[in-house]
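Computed from a predicted model, the values in this text were never measured in an experiment. Below, all heavy atoms of this structure are taken into account, side chains as well, without hydrogens, waters or symmetry copies. Below, read A as the first sequence line, B as the second, and so on, with proteins coming before strands; counting in each chain starts at 1.
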There are 2 protein chains.
Amino acid sequence: MSEITTNFNDRTIEYNQLLDDFKSLIKKNNLKFTIQREVILETLYNSDEHLTPEELHRIIQEKYPELKTGIATVYRTLSLLEDSNIVTSLSFGAQGKKYELGAKDHHDHLICTVCGDITEFVDEEIEKRQHKITDELGFKMLDHSMQIYGVCKACQEKNKSN
Amino acid sequence: MSEITTNFNDRTIEYNQLLDDFKSLIKKNNLKFTIQREVILETLYNSDEHLTPEELHRIIQEKYPELKTGIATVYRTLSLLEDSNIVTSLSFGAQGKKYELGAKDHHDHLICTVCGDITEFVDEEIEKRQHKITDELGFKMLDHSMQIYGVCKACQEKNKSN
DNA sequence: GTCTCTGCAAACCCTTTGCAGGGGG
DNA sequence: CCCCCTGCAAAGGGTTTGCAGAGAC
């Protein structure tokens with residue numbers, strides 16, 4: 001039995017639960033619950049992809065054109081969600097960040113450099129080693145991220161058949 | 001009194017090697033070897049830090065003010081060096097990249113979110129697990145990077161004494 | 001002499017901010 | 001009603017690009 005698990009797309013967290021959490025957070029900080037904030041959370045929830053702020057904005061504009069949601073609101077809401085650990089971001093150099101719901105369990109990323117597809121995985125042994133390393137150095141770990149770049153199975157096969 | 005040989009010579013030899021590699025690369029691609037390109041490589045070599053393009057530019061301007069090296073040249077040369085796998089970069093979201101010589105052995109990074117200091121480490125067990133994961137998924141690994149974010153020992157102690 | 005490389009400045013892209021009006025609690 | 005949130009547009013920060021002259025080969 002492998003310790004490796006992939007693709008958390010079978011949602012462990014119900015949307016209503018997530019929404020409730022977000023509402024509590026908002027109430028606790030004397031913020032306001034707006035339709036824009038709800039739509040951004042919902043869109044992130046319903047997407048299996050890692051989205052850039054721009055992609056998120058475009059999807060929302062297409063689905064709810066009457067809201068005229070501004071890109072600035074998307075950025076502001078993503079910051080709020082990231083600060084609250086509801087979403088997490090992946091950096092892609094100067095080409096910006098991609099966001100995903102962070103309510104799932106922690107996981108790392110396999111990134112295909114051909115098709116851009118991102119696969120998630122968790123490895124308990126790696127997690128353990130990370131703690132061991134930081135403990136030994138007296139480093140207080142707050143977060144970590146790991147990306148493996150390469151060519152996914154599908155792209156390798158596609159390449160063979162050409 | 002004999003000439004003293006120190007381990008500094010190792011670095012000198014490595015630098016000449018590096019420079020030769022760079023020159024071959026340049027010749028092979030019908031590019032030109034310029035003083036600016038040499039100074040950029042040399043500065044990266046002589047720095048133990050991970051540098052941003054801006055930092056690199058500032059150091060070069062201070063050391064060789066007569067060259068009036070432009071920031072654009074720094075960016076162009078870094079791209080050239082990265083494409084050639086002579087340097088590697090670390091992403092910091094929208095806040096840009098930091099570069100380091102990639103000729104050293106592979107290693108991962110501990111990044112202090114307080115002082116920005118970067119510590120390098122290698123853990124064989126993690127490297128092994130990464131190969132195991134990609135093998136099982138039929139993913140062809142080309143590269144990987146891991147960053148652990150947190151507070152370094154020095155910053156924790158500084159914080160205590162305040 | 002040819003053709004790349006350079007510095008400069010403008011352009012670009014992504015992200016943040018200031019502002020006045022809108023809307024949640 | 002207060003004051004947070006929004007859309008808009010302008011500003012910001014890092015990076016790239018167009019250009020004409022300088023320089024490598």
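Out of C:dG7, D:dC8, D:dC3, the shortest distance to the side chain of A:Ala72 is found at D:dC8. Comparing D:dG7, C:dT4, D:dC4 by their closest approach to the side chain of B:Leu31 singles out C:dT4. Of the candidates D:dG18, D:dT6, D:dC5, the closest approach to any side-chain atom of A:Thr73 belongs to D:dT6.
The residues A:Glu54 and A:Arg58 are annotated as not salt-bridged, no charged nitrogen and carboxylate oxygen being separated by less than 4.0 angstrom.
Residues B:Leu80 and B:Arg76 form no side-chain contact, since every pair of their non-hydrogen atoms from C-beta on lies 4.5 Å or further apart. Within the 4.5 Å cutoff, no side-chain heavy atoms of A:Asp108 are placed close to those of A:Ile148.
Projected onto DNA chain D by closest heavy-atom contact, A:Arg76 and B:Ile71 fall at different nucleotides, the more 5' of which corresponds to A:Arg76.
Rounded to a whole Å, the CD1 atom of A:Ile26 is 13 Å from the P atom of C:dG24. Remark: P of D:dG14 and CG of B:Leu56 are 15 Å apart, rounded to the nearest angstrom. Rounded to a whole Å, the NZ atom of A:Lys32 is 7 Å from the P atom of D:dC4. We find that CD of A:Gln61 is positioned 14 Å from C1' of D:dT6, with the value rounded to whole Å. Atom CG in B:Asn30 sits roughly 12 Å away from atom C1' in C:dT2 (whole-Å rounding). If you measure from atom CD of B:Glu54 to atom C1' of D:dT16, you get 14 Å, rounded to the nearest angstrom. Taking atom CD of A:Glu55 as the reference point, atom P of C:dC14 lies 11 Å away to the nearest angstrom. Protein atom CG of B:Asn29 is 17 Å distant from nucleotide atom P of C:dC3, rounded to whole Å.
Residue contacts shown for B:Leu67 are limited to sugar-phosphate atoms, with no base heavy atom under 4.0 Å away. Heavy atoms of A:Lys68 sit under 4.0 angstrom from primed sugar atoms or phosphate atoms, though from no base atom.
To the nearest 0.5 Å, the span separating CG on B:Leu56 from CG on B:Leu44 amounts to 5.0 Å.
Of the residues in residues 33-42 of chain B, those with a non-hydrogen atom less than 4.0 angstrom from any atom of DNA chain D are B:Phe33.
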Practice task
Test B:Glu136 against B:Lys132 for salt bridge (Lys or Arg N to Asp or Glu O under 4.0 Å), laying out the working first.
Solution key: CA-CA 6 Å; B:Glu136 283 182 15; B:Lys132 183 166 188 287; 3.0 Å; yes

Please table the atom pairs, donor to acceptor, closer than 3.5 Å between any side-chain atom in residues 25-38 of chain A and protein atoms at least two apart or in another chain.
| unit_1 | atom_1 | unit_2 | atom_2 | d |
| --- | --- | --- | --- | --- |
| A:Thr34 | OG1 | A:Arg37 | N | 3.3 |
| A:Arg37 | NH1 | A:Lys32 | O | 2.9 |

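Checked by atom type, the side-chain pair A:His109/A:Gln147 shows no donor-acceptor distance below 3.5 Å.
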